[in-house]
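Below: the structure, in structure tokens.
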2 protein chains.
Amino acid sequence: MGATKSDLFTRQQNEIAAMAKALAHPARIAILQYLVKKNACVCGDLVDELGLAQATTSQHLKELKTAGVIQGTIEGASVCYCINPKVWKQYKELFNSFFKDVDLQQTCC
Amino acid sequence: MGATKSDLFTRQQNEIAAMAKALAHPARIAILQYLVKKNACVCGDLVDELGLAQATTSQHLKELKTAGVIQGTIEGASVCYCINPKVWKQYKELFNSFFKDVDLQQTCC
DNA sequence: ATATTTAATCGTAATATTGCAATAATACAA
DNA sequence: TTGTATTATTGCAATATTACGATTAAATAT
């Protein structure tokens, strides 16, 4: 036991959960916010930005890359990161549709 | 080690990450979708709905309750759950502002 | 009173995540 | 070539999450 039983759920449910998981750490939120703020390709300075060890930062970047929400290209000795606008849009839309208006009056409880 | 270093990040970053964490499991997505679909107080049938053991389902419900996004009231022998519209709205808004438009052209990478 | 139903909690095992030091791997400079 | 800078990977320890059986607690039914 201990592993998520993905087969019990729909593809969409697993997808939304996976997206949420990519966002489920403040360091990854900080990375994304920084990239959005810069709105450009950012080389290098992410480690200084976060305050976590280089290895840890690299790991978080890898997770975001695996999720597809950022992309990195090798630029000489360093690597440039930026938001993947296509996937960012997908995230935005999926969360939007997930949170689409519920009838906001309290029916009971 | 192993514990998230929340003190390195802003309150807002920790908050968004915590919300994302609450959504970061397909069972919890399924629960929320079910409650939204019914748009009412749902008593009991959540265990049958998910296919997970009663203890596991109860644990996921607890996490959603702790996050504040659902609420439960005792109704005789069973418990009725529904979306907390106030917190739902907060989630919606926070994610919305997080995903607010980035200049969607590819600057580099 | 006793049994049944419903949901929470406890205990425990399996697995995943977080964090970092140490070590690679790669590009470039001297 | 040798050294330096930058990022990835490996290995490991600490902690968190997921899952479930067993038990408990509380309300209701018989």
Side-chain angles (χ1 to χ4, degrees), chain A residues 1-9 13-14 16-31 34-35 41-67 70-82 109, chain B residues 1-9 13-14 17-32 34-35 41-67 70-82 109:
Chain A
M1 305 146 203
T4 293
K5 294 192 152 181
S6 335
D7 51 309
L8 287 179
F9 307 101
Q13 286 164 344
N14 283 303
I16 298 181
M19 288 188 180
K21 206 172 199 172
L23 304 179
H25 193 289
R28 297 197 286 275
I29 296 293
I31 291 172
Y34 186 71
L35 292 180
C41 207
V42 169
C43 291
D45 42 353
L46 278 163
V47 174
D48 312 313
E49 197 60 23
L50 290 189
L52 289 170
Q54 184 266 323
T56 310
T57 306
S58 186
Q59 211 174 315
H60 283 302
L61 285 167
K62 191 183 179 183
E63 274 181 79
L64 289 172
K65 255 189 294 183
T66 301
I70 68 169
Q71 54 197 161
T73 15
I74 297 166
E75 184 83 22
S78 61
V79 178
C80 286
Y81 294 101
C82 63
C109 293
Chain B
M1 307 146 201
T4 293
K5 295 192 151 182
S6 336
D7 51 309
L8 287 179
F9 308 101
Q13 286 165 344
N14 282 305
M19 286 188 182
K21 205 172 201 172
L23 304 179
H25 193 289
R28 296 197 286 273
I29 297 293
I31 290 171
L32 291 174
Y34 187 71
L35 292 181
C41 205
V42 169
C43 292
D45 41 356
L46 278 163
V47 175
D48 311 313
E49 197 60 27
L50 290 189
L52 289 169
Q54 183 265 323
T56 309
T57 305
S58 186
Q59 213 174 311
H60 284 301
L61 285 167
K62 191 184 179 183
E63 275 182 77
L64 289 171
K65 254 189 294 182
T66 301
I70 68 171
Q71 53 197 163
T73 13
I74 296 166
E75 183 83 23
S78 59
V79 177
C80 285
Y81 294 100
C82 63
C109 295

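Here is how names work: the chains are called A, B, and so on, in the same order as the sequence lines, proteins then strands, and each is numbered from 1.
Between C/dT15, C/dC20, D/dT18, one nucleotide has an atom nearer to the side chain of A/Ala3 than all others, and that is C/dT15. Here D/dT7 is the nucleotide among D/dC20, D/dT7, C/dG19 with the atom lying nearest to any side-chain atom of A/Tyr81.
At a threshold of 4.0 angstrom between heavy atoms, the contacts of B/Ser58 include nucleobase atoms, whether or not backbone atoms are also involved. As judged by a 4.0 angstrom heavy-atom cut-off over every strand, A/Thr4 is placed among residues touching the sugar-phosphate backbone only.
For the pair A/Lys65 and D/dA8, the criterion of a side-chain N or O lying under 4.0 Å from OP1 or OP2 is met. An OP1 or OP2 oxygen of C/dT17 is reached within less than 4.0 angstrom by a side-chain nitrogen or oxygen of A/Lys21. The phosphate of C/dC20 has OP1 or OP2 within less than 4.0 Å of a side-chain N or O from B/Lys5. At C/dT17, none of the side-chain N or O atoms of A/His60 fall inside 4.0 Å of OP1 or OP2 (strictly under the cut-off).
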* Asked: Could you write nucleotides 21-30 of chain D as a row of B, S and -, 5' to 3', where a protein heavy atom under 4.0 Å of any base atom gives B, of only sugar-phosphate atoms gives S, and otherwise -?
  -> B-----SS--
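One interatomic measurement links the two molecules: CG of B/Leu23 to P of D/dT17, which rounds to 14 Å at whole-angstrom precision. If you take CD of B/Glu63 and P of C/dA8, they are 13 Å apart, rounded to a whole angstrom. One interatomic measurement links the two molecules: NZ of A/Lys62 to C1' of C/dT18, which rounds to 14 Å at whole-angstrom precision. In this structure, B/Glu49 atom CD and C/dA7 atom P are separated by 14 Å, rounded to whole Å. The CG-C1' distance, from B/Leu52 to C/dA14, rounds to 15 Å in whole Å. Atom-to-atom, CG of A/Leu61 to C1' of D/dT9 comes out at 14 Å; the value is rounded to the nearest Å. Atoms CD (A/Gln59) and P (D/dT10) sit 11 Å apart, rounded to a whole Å. Rounded to whole angstrom, the span from the CG atom of B/Leu50 across to the P atom of D/dT18 amounts to 13 Å.
Evaluation of the side chain to side chain donor-acceptor pair (under 3.5 Å) test over residues 47-56 of chain A, restricted to residues two or more places apart or in two chains, returns none.
Map A/Ser78 and B/His25 each onto its nearest nucleotide of DNA chain D; the residue landing nearer the 5' end is A/Ser78.
Other residues, nucleotides and ligands place more than 12 heavy atoms under 6.0 Å from the CG atom of A/Leu8.
What you find for A/Ala22 and A/Leu64 is that their closest heavy atoms are O-CD2, 3.8 Å. Across all non-hydrogen atoms, the minimal contact from B/Tyr81 to B/Leu46 is CD1-CD1, 3.8 Å. When all heavy atoms of A/Glu75 and A/Cys80 are compared, the closest pair comes out as CB-SG, 3.7 Å.
B/Tyr34 is not listed as a side-chain neighbour of B/Leu50, based on a closest heavy-atom distance of 4.5 Å or more.
Taking the six-membered ring for Trp and thresholds of 30 and 60 degrees, B/His60 and B/His25 have ring planes inclined between 30 and 60 degrees apart.
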